[in-house]
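What follows is a single structure, written as structure tokens, with notes after it.
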Amino acid sequence: MGFKVAIVGATGNVGREMLNILEERGFPADEVVALASRRSLGTEVSYGDKTLKVKVLDTYDFSDTDICLMSAGGSISKEWSPKIGKQGCVVIDNSSAWRYDQDVPLIVPEVNPDAISLYSRKNIIANPNCSTAQMVVALKPLHDAATIKRVVVSTYQSVSGAGKEGVDELWNQTKGIFVNDSPGPGNKFPKQIAFNVIPQIDVFMEDGSTKEEWKVMAETKKILDAKIKVTCTAVRVPVFVGHSEAVNIEFENPISPDEARDILREAPGISVIDKREPGGYATPVESVGEYDTFVSRIREDATIENGLNIWVVSDNLRKGAALNTIQIAEELIARGLVSRKAA
Ligand SMILES: NC(=O)c1ccc[n+]([C@@H]2O[C@H](COP(=O)([O-])OP(=O)(O)OC[C@H]3O[C@@H](n4cnc5c(N)ncnc54)[C@H](OP(=O)(O)O)[C@@H]3O)[C@@H](O)[C@H]2O)c1
């Protein structure tokens, strides 16, 4: 007998990917319920060869649901996750609403699976920001080998990280330019995104950083090691799916590019594509639909002691969101931390 799973935000970019991944991985679900806002009442979404009718979150009773995969933004999660958790349903949330709460574990299963047991304090588990998730999967095995002191990361983030409206905005502006229309500033991004790059993701903070940059720093510390110094520049690029990151790492101890390559080849969730020839590296296009995070361009940074540069690419809707969420649910099940209410 399997679990009863609800997906809140099932009509969104991440929610649809969750449905695909539950099916692909043969997740032990007897029943999957698709939930969204009133706008989506009656809409249908695909789950394997089945079609699910979308139900409305506001009127759904979670008392016989075991696991809720929450992917509907921060304000919905702030309001609903505690209520759902109190009904005995474990919430795994994709928004930033709970990530920095001391009573909520922030989990990347390849990195800090043991922290998951904290979940019982609120019945909520947080999933990290997409840029953090792919970076810490690559950093963890290197940190274990040579102890990371400092990370300097520049991100190249796709528009799907801003939801379905972000995807539509890039599509419409690109089409508009081809028919000689003025693309206009759009609603989702602060400047034209088609044929452009925008060095702002989320709002500005007092010190001049953006919230996205702060999230990468704070989440890396919470998941991997609070002692690591992290600085980030987060940039939106006109790519539909797949985030890329140029990561400069300073270690406590020496580690050569060859050693790093060998370590990463053995690491869970990582594929190394690193040939020093034209095209011998991963780009976002190849990451789409994949589970693994790709690491390329592994080389020494000779300007610092014990420095390496790496290029990290992943499907932001998968490892950055839906896949990581489902891996967390699998981890809960493997550890016997969630039980079937129907049983
Ligand atoms: N995209 C990424 O790379 C990524 C990565 C990590 C985390 N996340 C997080 O994942 C969440 C979803 O992102 P997304 O990219 O899938 O966004 P999206 O494509 O804009 O989808 C948003 C989903 O939330 C639902 N929703 C909105 N208001 C609702 C309400 N009042 N009640 C119930 N459902 C409601 C929407 O339903 P309707 O269709 O009915 O409006 C839709 O299903 C966000 O918290 C985001 O920060 C995204």
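All ligand and atom numbering here is 1-based and tracks the order in the structure. Because the structure is predicted, anything quoted here is derived from the model rather than measured. Note: hydrogens, waters and symmetry copies are ignored here, and every other heavy atom, side chains too, is used.
With sequence neighbours left out, R335 forms a side chain to side chain donor-acceptor pair (under 3.5 Å) with D114, E331.
Heavy-atom proximity to T11, at under 4.0 Å, picks out these atoms of ligand 1: 36 (C), 37 (O), 38 (P), 39 (O), 40 (O), 42 (C), 43 (O). Atoms of ligand 1 lying under 4.0 Å from at least one heavy atom of I76, given by number and element, are 29 (C), 30 (C), 31 (N). Counting atoms of ligand 1 from 1 in the listed order, those under 4.0 Å from a heavy atom of G163 are 15 (O), 17 (O), 18 (P), 19 (O), 20 (O). Shown in contact with S95 at under 4.0 Å from a heavy atom are these atoms of ligand 1, numbered in order with element: 45 (O). Residue contact check: L317 has heavy atoms under 4.0 Å from atoms 1 (N), 2 (C), 3 (O) of ligand 1.
Nearest protein neighbour of atom 2 (C) of ligand 1, counting heavy atoms only, is G161 CA, 3.7 Å. Looking from atom 1 (N) of ligand 1 to the surrounding protein, the closest heavy atom is S160 O, 3.0 Å. With hydrogens left out, the protein atom closest to atom 16 (O) of ligand 1 is V14 N, 2.8 Å, a heavy atom. Taking atom 9 (C) of ligand 1 as the reference point, the nearest protein heavy-atom neighbour is N94 O, 3.5 Å. Among all protein heavy atoms, the one lying closest to atom 6 (C) of ligand 1 is G320 O, 3.2 Å. The nearest protein atom to atom 20 (O) of ligand 1, hydrogens excluded, is given as K164 N, 3.6 Å; this is a heavy-atom distance.
A donor-acceptor contact shorter than 3.5 Å links the side chain of N306 to the backbone of E252.
Checked by distance only, ligand 1 and E165 stay at 3.5 Å or farther apart across all their nitrogen or oxygen atoms.
Ring geometry for F27 versus F3: interplanar angle of 30 to 60°, hence tilted.
No heavy atom of N129 sits closer than 4.0 Å to any atom of ligand 1.
In this structure, OG in S296 is found 13.0 Å from CG in N309, a value given to the nearest 0.5 Å.
Scanning A72, G12, A97 for the heavy atom closest to atom 26 (N) of ligand 1 points to A72.
Contacts between A162 and ligand 1, counted as non-hydrogen atom pairs separated by less than 4.0 Å, are absent for every part of the residue.
The pair R318-E290 does not meet the salt-bridge criterion, since no charged nitrogen lies less than 4.0 angstrom from a carboxylate oxygen. One finds a salt bridge joining E330 and R25 here, because a Lys/Arg side-chain nitrogen approaches an Asp/Glu carboxylate oxygen to under 4.0 Å.
Between S81 and M70 the shortest side-chain heavy-atom distance falls below 4.5 Å.
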